[in-house]
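Just below is one structure, and these are the notes that go with it.
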Amino acid sequence: MNFNFSVPSKVIFEKGSSATVPEVINDLQLNNVLFVYDKGIIDAGIADKVIEPVEKAGINVTHFTGVYPNPTIENVEEGYEIAASSDVDAIITIGGGSSMDCAKAINILLTNPGSIKDYEGRGIVKEKTKPLIAIPTTAGTGSEGTAFTIITDTERQRKMIIAGDNVAADIALVDPELTVGLPPAITAATGMDALTHAIEAFVSKNASIPSNIHALKAIELIVENLEEAVKNGSNIEARENMMLGSLLAGIAFNQAGLGLVHAIAHPLGSHFGVAHGVANAIGLPYVVKYNSDLQSVKEKHVEMASAMGFETEYKSLEIISEEIVSTIVKLSNAVDIPSLKEIGINKENLDEMAVDVTKENSMKFTPRDASLEEVKELLNDIYYETPLIEKV
Ligand SMILES: [Zn+2]
């Protein structure tokens with residue numbers, strides 16, 4: 001087995017670690033930092049909690065609070081202008097995937113010329129970036145532990161992936177206490193995103209032993225804790241386990257890549273603005289079933305089933321795969337993930353979108369190839385909520 005595995009960021013995982021930002025800044029000898037976050041972080045009281053001690057420590061602080069969900073090229077440029085005009089020496093981002101991705105892209109532009117569009121792909125960001133500290137406030141994206149950023153090109157209705165060593169955060173301060181106030185719907189969507197990362201990494205064509213170890217542990221933690229974290233948000237143990245699950249899933253897919261669920265979720269986000277985690281949650285059971293036609297995937301499902309906590313002894317591979325599908329559906333229902341119809345997507349638009357799905361980068365890693373016709377059929381099944389398991 002050949003692989004190229006690394007954890008691109010230094011990870012400090014500890015309850016209360018977000019209060020140590022002034023010390024981290026001091027250690028790195030920084031004195032002029034840009035904080036990248038959004039209104040939700042201000043409203044949740046997290047921004048003040050993290051930034052005030054930094055200001056009190058006498059460090060120059062500039063703010064970019066205009067991050068949109070699914071950040072766009074324009075959004076990145078707006079943040080870059082603020083960063084460049086303030087001549088900052090580092091970026092600190094507080095938030096979910098959108099804030100972290102936006103901050104990564106702004107940081108690229110601070111030391112690399114041109115437009116962020118020029119860096120779509122892997123390994124194109126040549127110049128070393130300035131120090132980037134990521135403080136995640138959701139347990140989902142895993143962006144704090146990946147060397148990717150995803151930026152939406154609204155003109156092409158496309159999510160660009162920019163990947164490489166110079167993209168990752170240098171330090172991830174992972175503080176589960178920051179997720180305690182997260183509303184149930186966001187906890188649910190981001191948690192299902194993390195589960196999708198872990199499952200897609202595990203069955204990926206590019207999976208390796210180290211990525212599998214991280215993916216399986218992530219699956220175990222997320223299946224065991226997501227419903228509790230959604231229904232009882234102040235349960236810090238559930239929040240801590242979700243944060244760990246999300247981080248491990250990020251580390252797994254950073255190496256192994258993703259698959260067809262994300263290939264469907266990205267255009268659903270860029271065409272219709274469907275929240276990333278919701279799009280993944282809706283597609284996940286259908287793609288797991290689609291992939292399970294392959295013997296190699298069925299065999300992998302045995303280990304995945306154990307991670308999900310159910311017995312596999314004396315069961316056929318077919319039954320095990322079906323139980324995995326129904327575990328995912330039950331979890332999605334338990335945490336109230338809406339359907340595409342409820343979101344208000346028009347069926348005709350989905351057929352057009354199928355072409356974009358086939359062009360997505362993560363199609364390279366998905367275990368079972370899918371033609372345009374197969375993708376259309378899958379989208380049809382997802383839209384009409386075709387039952388996944390035949391009733392006996
Ligand atoms: Zn994702």
Side-chain angles (χ1 to χ4, degrees), residues 8 67-71 95-102 104-105 134 136-152 158-163 167-169 172 179 182 185-204 206-207 211 214-215 218-219 221-223 226 242-288 291 328 331-332 335 337 356-357 360-366 382:
V67 178
Y68 310 131
N70 300 319
S98 298
S99 287
M100 286 191 276
D101 282 355
C102 192
K104 284 174 173 176
T137 58
T138 63
T141 162
S143 187
E144 67 278 11
T146 69
F148 301 112
T149 178
I150 297 175
I151 301 299
T152 301
R158 181 179 162 73
K159 284 199 170 192
M160 303 184 296
I161 298 180
I162 298 158
V167 181
T179 62
L182 208 61
I186 299 177
T187 305
T190 49
M192 289 304 291
D193 182 29
L195 180 62
T196 309
H197 294 155
I199 291 177
E200 295 216 280
F202 186 65
V203 299
S204 161
N206 206 28
S211 67
H214 288 81
I219 292 168
L221 288 163
I222 296 162
V223 169
L226 179 58
M242 280 306 300
M243 207 71 172
L244 181 57
S246 157
L247 172 70
L248 296 180
I251 292 170
F253 89 79
N254 185 57
Q255 184 257 299
L258 293 165
L260 180 52
V261 190
H262 273 76
I264 292 172
H266 285 158
L268 272 178
S270 53
H271 283 253
F272 309 114
V274 181
H276 179 67
V278 170
N280 277 319
I282 292 170
L284 181 62
Y286 287 89
V287 174
V288 170
N291 287 340
I328 296 166
L331 184 57
S332 246
V335 299
I337 297 289
D356 292 349
V357 174
E360 279 285 319
N361 185 59
S362 48
M363 292 298 281
K364 277 197 284 201
F365 308 113
T366 201
I382 294 169

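Order of listing sets the numbers, starting from 1, for every ligand and every atom in it. Along the sequence shown, residues are numbered consecutively beginning with 1.
The shortest side-chain heavy-atom distance between I282 and L268 does not fall under the 4.5 Å cut-off.
Listed by chain and residue number, the protein N/O/S atoms under 2.8 Å of the Zn ion (ligand 1) are D193 OD1, H197 NE2, H262 NE2, H276 NE2, with waters left out.
Atom CD1 of I222 is separated from atom CE of M242 by 5.0 Å, given to the nearest 0.5 angstrom. Atom OG1 of residue T190 and atom CG of residue D193 lie 7.5 Å apart, to the nearest 0.5 angstrom.
Ring pair H197/F253 is tilted by interplanar angle, where 30° to 60° counts as tilted.
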Full working for side chain to side chain contact (heavy atoms under 4.5 Å, CB included) between E144 and M100: CA-CA 7 Å; E144 67 278 11; M100 286 191 276; 3.5 Å; yes
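By the side-chain hydrogen bond (donor to acceptor under 3.5 Å, both in side chains) test, S143 pairs with D101, K104, sequence neighbours left out.
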